[in-house]
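Comments concern the structure below.
Position 1 is the first residue of the sequence, and the numbers go up from there.
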Amino acid sequence: MMSTRDFECKQIAFVFTSKGEKISFKNDNIVISDQDGNTKHQSTCYRIFLLFICGDYSITSGLLDRASKFGFNIVLMSPSLRITKIIPSKAEGNTLLRRKQYALEKTDIAAHVIANKIHNQNYLLKQRRSKSDEEKEVIKKLKSYEKEVLKPDLTVQEIMGIEGISAKLYFKTLFKEHNWEARRPRVKNDITNCLLDVGYTILFNVINALLEMYGFDVYVGILHREFFHRKSLVCDIEEPFRPIIDAALLKALNLGQVNEKDFWKNQNQYVLTWKYSAKYVEIFIKAIMEYKNEIFIYIQSYYRAFMREKASEEFPIFELEGDES
């Protein structure tokens with residue numbers, strides 16, 4: 001298994017073949033160059049954890065061999081940043097872990113994860129300056145929901161109901177200055193929803209790669225139930241970390257880094273133009289990398305707690321900077 005010290009050196013690399021960028025190798029070094037032949041990224045393959053390739057690309061045996069040898073994941077994406085294929089580097093044969101996954105029936109771990117998410121959402125709201133009475137009331141409600149979701153013996157539906165109510169209040173308050181209507185995943189009815197999907201997709205693949213590394217069956221969730229081709233466990237474990245993306249997008253919006261001209265509209269859906277995709281990917285990658293060690297330690301601790309069948313309160317907690325409780 002990878003140690004925390006090993007992971008501290010790991011990097012995430014993005015290649016935009018639609019912009020003429022290319023991948024090459026010199027011994028055990030990966031080199032990413034732009035259309036003019038200038039080096040955009042170069043490092044030893046030992047330091048790569050996740051390689052995103054956006055655009056058309058022919059996978060070579062050399063790339064697959066190195067991914068297997070050095071243990072990095074490859075994510076193939078369309079120019080619009082839609083995932084087309086994930087080639088994971090994963091632990092095989094952790095049958096004891098998977099037996100524990102398949103036997104799990106309690107919902108207390110799921111409640112613990114959602115309470116952690118609500119806590120981080122509330123932290124972001126508390127950072128807002130000059131809060132209105134309405135905003136203060138939302139903060140009080142989220143604090144109440146954080147406690148309510150931890151009540152014993154709640155059903156999956158009850159947990160998801162509390163999460164849904166909290167999310168609705170949270171997003172409406174967080175993006176109130178940016179024409180927010182509602183969170184509509186994949187519909188992309190506005191630029192904010194479109195960019196949230198981009199950021200969550202990148203975060204999803206980081207979480208997926210770490211869970212695969214320990215040998216989890218990522219299709220078996222603790223809250224999201226099994227559905228064809230849905231990696232339910234990744235959806236679950238991603239929850240406490242979503243506010244990382246929310247905060248990065250809010251900051252970009254407030255700084256004027258989001259430009260409506262970077263998008264085009266198709267049947268009432270906003271689509272990020274491939275020409276400007278790297279700009280927004282960089283925003284989200286930077287935000288994720290600021291917390292990469294915390295994400296790694298969380299999933300490492302989650303694995304250990306799960307294997308030892310610890311009580312839910314002994315499972316890890318991820319907190320954004322500070323604690324406003």
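- When each of Asp236, Ile159, Leu150, Ile162 is checked for a side chain to side chain contact (heavy atoms under 4.5 Å, CB included) with Ile114, only Ile159 meets the rule.
- With Lys141 contributing its side chain and Ser166 its backbone, the two residues share no donor-acceptor pair below 3.5 Å.
- In Lys140, the NZ atom is not crowded: 12 or fewer heavy atoms of neighbouring residues, nucleotides or ligands sit closer than 6.0 Å.
- More than 12 heavy-atom neighbours from other residues, nucleotides or ligands sit within 6.0 angstrom of NZ on Lys279.
- By the criterion of side-chain heavy atoms lying less than 4.5 angstrom apart, applied directly or through intervening Ile, Leu, Val, Met, Phe, Trp or Tyr residues, Met213 is grouped together with Tyr219 in one hydrophobic cluster.
- Ring centers of Phe284 and Phe14: at least 6.0 Å apart, outside the cut-off.
- With Asn208 contributing its side chain and Val234 its backbone, the two residues share no donor-acceptor pair below 3.5 Å.
- Ile109 contributes atom CD1, which lies 10.5 Å from atom CD of Glu313 (distance to the nearest 0.5 angstrom).
- A ring-centre distance under 6.0 Å is not found for Tyr298 and Phe318.
- The hydrophobic clustering, which links ILVMFWY residues whose side-chain heavy atoms are closer than 4.5 Å, places Ile202 and Val218 together.
- Between Asp190 and Arg183 there is no salt bridge, since no side-chain nitrogen of the basic residue lies less than 4.0 Å from a carboxylate oxygen of the acidic one.
- Counting only distance, with no hydrogens or angles, the side chain of Ser68 and the backbone of Leu64 share no donor-acceptor pair below 3.5 Å.
- Taking the six-membered ring where the residue is Trp, Phe306 and Tyr302 present parallel rings, their angle staying beneath 30° rather than reaching 60°.
- Between Tyr214 and Phe216, the angle of the ring planes goes over 60°, which puts this pair in the perpendicular group of the 30/60° scheme.
- Once rounded to the nearest 0.5 Å, the distance linking CZ of Phe171 with CG of Leu196 reads 6.0 Å.
- Ion pairing between Glu135 and Lys176 holds under the 4.0 Å rule for side-chain N and carboxylate O.
- Arg242 and Glu239 are joined by a salt bridge, as a carboxylate oxygen and a charged side-chain nitrogen come within less than 4.0 angstrom of each other.
- Annotation for Asn38: atom CG counts as buried by contact number, over 12 foreign heavy atoms lying within 6.0 Å.
- Within the 4.5 Å cutoff, the side chain of Ile288 has no heavy atoms near those of the Leu50 side chain.
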Test log, rule side chain to side chain contact (heavy atoms under 4.5 Å, CB included), inputs Ile74 and Tyr57: CA-CA 12 Å; Ile74 302 171; Tyr57 186 77; over 6 Å; no

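- The side-chain heavy atoms of Lys251 and Gln257, taken from C-beta on, include no pair separated by under 4.5 Å.
- The heavy-atom pair separating Leu223 from Ala110 by the smallest distance is CB-CB, 3.8 Å.
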Gln127 vs Leu320, side chain to side chain contact (heavy atoms under 4.5 Å, CB included): CA-CA, chis, key distance, verdict: CA-CA 11 Å; Gln127 303 313 297; Leu320 293 174; over 6 Å; no

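- Using a 4.5 Å heavy-atom cutoff, the side chains of Lys69 and Cys45 are not in contact.
- Here the side chain of Thr39 pairs no donor or acceptor atom with the backbone of Ser33 at under 3.5 angstrom.
- In this structure, the side chain of Thr17 engages the main chain of Asp56 through a donor-acceptor pair within 3.5 Å.
- Rounding to the nearest 0.5 Å places CG of Asp108 at 8.0 Å from CZ of Phe315.
- Contact of the Asn205 side chain with the Ile83 side chain is registered, since non-hydrogen atoms from C-beta on lie closer than 4.5 Å.
- Contact detail for Asn73 and Pro88: the closest heavy-atom pair is OD1-CA, 3.1 Å.
- Cluster partners of Trp264 are Val271, counting Ile, Leu, Val, Met, Phe, Trp and Tyr whose side-chain heavy atoms approach within less than 4.5 Å, directly or via other members.
- In Lys172, the NZ atom is not crowded: 12 or fewer heavy atoms of neighbouring residues, nucleotides or ligands sit closer than 6.0 Å.
- Residues Ser312 and His112 share a closest heavy-atom pair of O-ND1, 3.3 Å.
- Residues Ile207 and Ile297 share a single hydrophobic cluster, defined by chaining ILVMFWY side chains whose heavy atoms lie under 4.5 Å apart.
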Test side chain to side chain contact (heavy atoms under 4.5 Å, CB included) applied to Arg66 and Ile48, step by step: CA-CA 10 Å; Arg66 287 176 173 88; Ile48 297 296; over 6 Å; no

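- Although no hydrogens or angles enter the test, the distance criterion places a donor-acceptor pair under 3.5 Å between the side chain of Glu21 and the main chain of Phe16.
- At most 12 heavy atoms of other shown residues, nucleotides or ligands fall within 6.0 angstrom of atom CD in Glu134.
- Within 6.0 Å of CD in Gln42 there are more than 12 heavy atoms belonging to other residues, nucleotides or ligands.
- Taking 4.5 Å as the limit, some side-chain heavy atom of Tyr170 sits within range of a side-chain heavy atom of Leu124.
- Side chains of Met77 and Thr201 form a contact here, defined as non-hydrogen atoms less than 4.5 Å apart.
- Nearest heavy-atom pair across Cys54 and Ser78 is CB-O, 4.2 Å.
- With values rounded to the nearest 0.5 angstrom, Asp6 atom CG is found 7.0 Å from Lys10 atom NZ.
- Checked by atom type and distance alone, the side chain of Arg47 never pairs as donor or acceptor with a backbone atom of Gln11 at under 3.5 Å.
- In this model, a donor atom of one side chain and an acceptor atom of the other lie less than 3.5 Å apart for Asp217 and Tyr102.
- Hydrophobic clustering, with ILVMFWY side chains joined whenever heavy atoms are under 4.5 angstrom apart, keeps Leu63 apart from Phe52.
- Taking all atoms of both residues into account, the shortest heavy-atom contact from Leu272 to Cys194 is N-SG, 4.1 Å.
- Note on Val149 and Ile317: separate hydrophobic clusters, where clusters join Ile, Leu, Val, Met, Phe, Trp and Tyr whose side-chain heavy atoms are under 4.5 Å apart, directly or indirectly.
- The shortest distance between side-chain heavy atoms of Phe204 and Lys231 falls below 4.5 Å.
- Here His178 contributes atom NE2 and Leu253 contributes atom CG; the two are 4.5 Å apart, rounded to the nearest 0.5 Å.
- For the atom pair CD1 (Ile30) and CG (Leu51), the distance works out to 5.0 Å, reported to the nearest 0.5 Å.
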Side chain to side chain donor-acceptor pair (under 3.5 Å) between Tyr276 and Asn259, intermediate numbers included: CA-CA 10 Å; Tyr276 300 105; Asn259 191 333; over 6 Å; no

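- Sparse packing is recorded around CG of Asn27, with 12 or fewer heavy atoms of other residues, nucleotides or ligands lying under 6.0 Å away.
- Side-chain atoms of Tyr280 and Ile283, non-hydrogen and from C-beta on, do get closer than 4.5 Å to each other.
- Considering all non-hydrogen atoms of both residues, Glu146 and His119 come closest at OE2-ND1, 3.2 Å.
- Put simply, the side chain of Thr273 gets close to the backbone of Asp262: a donor and an acceptor are under 3.5 Å apart.
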Derivation of the side chain to side chain contact (heavy atoms under 4.5 Å, CB included) call for Phe241 and Val206: CA-CA 11 Å; Phe241 303 101; Val206 173; over 6 Å; no

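- No more than 12 heavy-atom neighbours from other residues, nucleotides or ligands sit within 6.0 angstrom of CD on Glu260.
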